[in-house]
Every structure is written in structure tokens, then in C-alpha cells.
Amino acid sequence: MGLIAIDLDGTLINNQHQISTENINAIKQAQAHGHTVVIGTGRAYFDVQEIFKKTHLSLYIIGANGATVHSPSGTSILSVPMPDEDSERIANWLEANNIYYEVFCEHAIYTLDSSKDILFQEVKDLEHHVSKEEFQFINMHLKKQLSQSGYAFMNSFGEIFQAQEKIYNILAYSFINQKRLAGVNAFKDEKDLTLVTSSPFNFELEHKEASKGNALKYLAKVLNLDLDQSLAIGDSENDISMFKVVSNSFAMDNASEDVKKHAKYITSSNDENGVAKAIYQFITD
Ligand code: CA
């Protein structure tokens, strides 16, 4: 028996921001077959708890792109925070470059009171420069980004660091390609950090040892489960590290070509219960 690791956004969650009954039933079936199901997401642990509150599923949770792992009962199994000096330097840079960012900590997602205005202004500026479809796509992503649970709003950047919580990752977000690419270029070669993306408009920085794949490896070791009998399902660049450590990987049909290239199989999209289909294929093989 192995692990079944499932990404959330664009994978288990459909475009209506819901988890379908089909997908929930497939998870229950996999568990009934003796598999251990783990959610692997960039979202914060407390945000994921909120999402699953009504489902009564018992799940391991890899959060913050692998910087945290929690057991179904909420015990912390792994915690890989960023070095403080790195976080402060990154936040300073993003601040100076007028890029919206969120700081993911143990108990909250910190962001500045004023900084949402950066995103609203970007969207306003883009309205007459993109197609109607593109503008809808942008608004859908904006809504999704700001609907996480566990936000804590601060007045100044210093307050975030005075809170002295462990910082797991910093998520930078911009609808303006040049701004985002400048950020990626500024941090992509940092030797102590990992940079991943989980949506078309973000990049996230974390400890170099933190990744969904490393967290999955760690969990398999702790639970004494075989990665050669495990499955990972995802749609984004931050899922590739999971694909690399398991024997069976499925990319969603809505994934980019690059992500699909790294997966062994392709399943249906997140709007067509792709997770359920992948799980049933895996457990009946
Ligand atoms: Ca995803």
C-alpha cells in the first residue's frame, strides 16, 4: 500500500471552488483499499483545514509547498521554516518593487492592509488592454487568491516580523508580467531558497529543502510506505517535485504542456473529476 498525494487548486478543487462528491467518494474508496491519502498544496495548513471541515475526510496535509506536514489529527510532522534574514530581504525587495505579497506563518497569512490596492490597481489598469475573456480569467484568479482563510492584516511590514512566528513561505502575486518576471529573475538563483509557481500570476519562495516532493518522501519514510506504490496528481509547476518521487503520476488535462511532460499519465480536467478517474485507475490496476 502506498500514498496518494493530491494537489488542491486546479486539481481536486473544480473551477467553482468546490470538491465534487465524485472526488470525495474516490478518496474514501482509496482509503478503503488501504491507501493513505495526503493533500499536497501551496495553501497554509489552517486554510486547508477550513476547506475540508465539512467533508469528514481523514487526511495527511502537506502545506505551504512542503514546508509543513500535519497528520489527520493535526500533529505537526514536519516544519521547514525560512531563515529570517531571507524573508525580510525578500519582503523588502517586493515592497520596493510594488509587488503584492503574503507571508505564510504557523497561524496566519500576513499581508499589509494597503497592499490589496496594488492588485486592484493592476486589474483596473489591465481592463482596457486585455480581451474580455482574459479579464474574466484575471478576476477569477483575484477572487480565488483573496478567498483564503486565515488572513491577518498588518499596518506595516515590520509588524509581520515582530510577530516572530515561523515563516514558511512568501507568495508574491502580480497580474503584470514584467513585475512578476523581474521578481522571478531576482530570486531564482538564490542558493538557500526554492522558487516555485502554483498559478499563472504568482511565485513563491521557501526554504531550499522545502518542496511537495521532499515532504512526500519524508512522510513515506515516517509511515513506512512505499513510494514505488504511490500516486501523485497535480496541475502546476509546484507538483513536478511530487511526480518525481512516486512511481505513478497523473497531470490534469488542464495542466500546462510542461507539467504534463513530467507526468506518467494524463487524467481529465479538474472540472471533470480528473482526480477520481486517476484514483480509480490506480487502485484497480
Ligand atoms: Ca495546483
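All values below were derived from every heavy atom in this structure, side-chain atoms included, with hydrogens, water molecules and symmetry-related copies excluded. Whatever order the structure lists ligands and atoms in, that order sets their numbers, starting from 1.
At a threshold of 3.0 Å, the Ca ion (ligand 1) has a backbone or side-chain N, O or S atom of Asp9 nearer than that distance.
Between the side chain of Ser249 and the backbone N or O of Ala263 there is no donor-acceptor pair closer than 3.5 Å.
Residues satisfying the side chain to side chain contact (heavy atoms under 4.5 Å, CB included) criterion with Gln229, sequence neighbours excluded, are Asp226. Not counting sequence neighbours, the partners of Ser87 by the side chain to side chain contact (heavy atoms under 4.5 Å, CB included) test are Met82, Phe161, Ile167, Ile170.
The minimum distance between the Ca ion (ligand 1) and any N, O or S atom of Asp235 involves atom OD1. The atom of Asp7 nearest to the Ca ion (ligand 1) is OD2, with the search restricted to N, O or S atoms.
No salt bridge links Lys124 with Glu127; every basic N to acidic carboxylate O contact stays at or beyond 4.0 Å.
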